[in-house]
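Accompanying notes for the structure given below.
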Amino acid sequence: IQSAFNRALTQQASAVLAGSTTAVNEIAALKASNGVYYAPDEVDVGGSRCLNIQGDSSVFAGDAGVGKNLFYSSVANEGLVRRLYMSDVSFHNYDTVVRLATNNLDLSTFVFENIKTDAIELFLDTVDYYKSRSTHVTFNECMFAYKTKRVARCYADQLSFNDCWFGTEA
């Protein structure tokens, strides 16, 4: 996964968002074809302001209990990711799936669509209030199933769940 992200990062183009002086990087989508991927290693998405991760009913399985985050940033302030879109992916057996902050960049957006989880300690961690205000987080048609202990530790202006299902421990 890391090498695929690094390749996409080299294909990005910088742009300034309309109505803003903040430059962002647009990157090609990371696309995972239908299948099960054993992904025990952390993926450092530092260096990108926009992430687009798309699956095709793809499943990522990891090694929980080792204190790792699947997607994180080694860049100061947890990466300053301004836009995150993730869709059609399932995650199984992780401590934290996404640990990213926006550094309080106005109108930052994280959108998760058709995400499924199983045996997850925490799906989304936005780090802390000072690094993630002014962020809108939306979950659409997601399924947080069995042994998903926490969906979000979210310090954002807005957190929305639309047509989501929350399971119980089995």
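- For the atom pair CZ of R82 and CZ of F110, the computed distance is 11.5 Å after rounding to the nearest 0.5 Å.
- Under a 3.5 Å cut-off, the side chain of D157 and the backbone N or O of S134 do form a donor-acceptor pair.
- With T138 as reference, N162 is the one residue of T109, N162, L159 to meet the side chain to side chain contact (heavy atoms under 4.5 Å, CB included) rule.
- Under the 4.5 Å side-chain heavy-atom criterion for ILVMFWY residues, no single connected hydrophobic cluster contains both V59 and W165.
- Between the OH atom of Y37 and the OG atom of S58 there is a distance of 5.0 Å, given to the nearest 0.5 Å.
- The two residues F60 and A39 have their closest heavy-atom pair at CD2-CB, 4.1 Å.
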**side chain to side chain contact (heavy atoms under 4.5 Å, CB included) evaluation trace for I115 with M86** = CA-CA 8 Å; I115 300 297; M86 185 181 293; 3.7 Å; yes
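- Side-chain contact check for L70 versus V43: some heavy-atom pair is nearer than 4.5 Å.
- Judged by distance alone, the side chains of Q54 and Y85 never bring a donor and an acceptor atom under 3.5 Å apart.
- Cluster membership check: V89 does not share its hydrophobic cluster with V36, using side-chain heavy-atom separations under 4.5 Å among Ile, Leu, Val, Met, Phe, Trp and Tyr.
- Rounded to the nearest 0.5 angstrom, M143 CE and T148 OG1 are separated by 10.5 Å.
- Between F112 and F123, the ring centre distance stays below 6.0 Å.
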**Request:** With side chain to side chain contact (heavy atoms under 4.5 Å, CB included) as the test, would you mind laying out the steps for V98 and L84 before giving the verdict?
**Result:** CA-CA 10 Å; V98 177; L84 169 61; 4.1 Å; yes
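- Side-chain contact between V137 and L124 is present, with at least one heavy-atom pair separated by less than 4.5 Å.
- Within the 4.5 Å cutoff, side-chain heavy atoms of V127 are placed close to those of R99.
- A donor and an acceptor atom, one from each side chain of E113 and N140, are located under 3.5 Å apart.
- We find the CG-CG distance between N69 and L100 to be 8.5 Å, quoted to the nearest 0.5 Å.
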**Step-by-step side chain to side chain contact (heavy atoms under 4.5 Å, CB included) determination, N52 to R83** = CA-CA 8 Å; N52 185 353; R83 303 274 187 259; over 6 Å; no
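- Here the side chain of N114 pairs no donor or acceptor atom with the backbone of S87 at under 3.5 angstrom.
- Proximity of Y38 to D63: side-chain heavy atoms (C-beta onward) are separated by under 4.5 Å at one or more points.
- The two residues I120 and F91 have their closest heavy-atom pair at CD1-O, 3.7 Å.
- No donor-acceptor pair under 3.5 Å is formed between the side chain of T135 and the backbone N or O of A156.
- Residues F71 and I53 are in side-chain contact: their nearest non-hydrogen atoms beyond the backbone lie under 4.5 Å apart.
- When all heavy atoms of T126 and A101 are compared, the pair lying nearest together is O-CB, 4.0 Å.
- Side-chain contact between F144 and F161: present, with at least one pair of heavy atoms (C-beta onward) separated by less than 4.5 Å.
- In this structure, NZ in K147 is found 9.5 Å from CG in N93, a value given to the nearest 0.5 Å.
- Inter-residue side-chain proximity for V45 and Y72 is flagged as unmet; no heavy-atom pair is nearer than 4.5 Å.
- Atom NZ of residue K116 and atom OG of residue S57 lie 6.5 Å apart, to the nearest 0.5 angstrom.
- Contact between Y146 and D118 at its shortest, heavy atoms only, is O-OD1, 2.9 Å.
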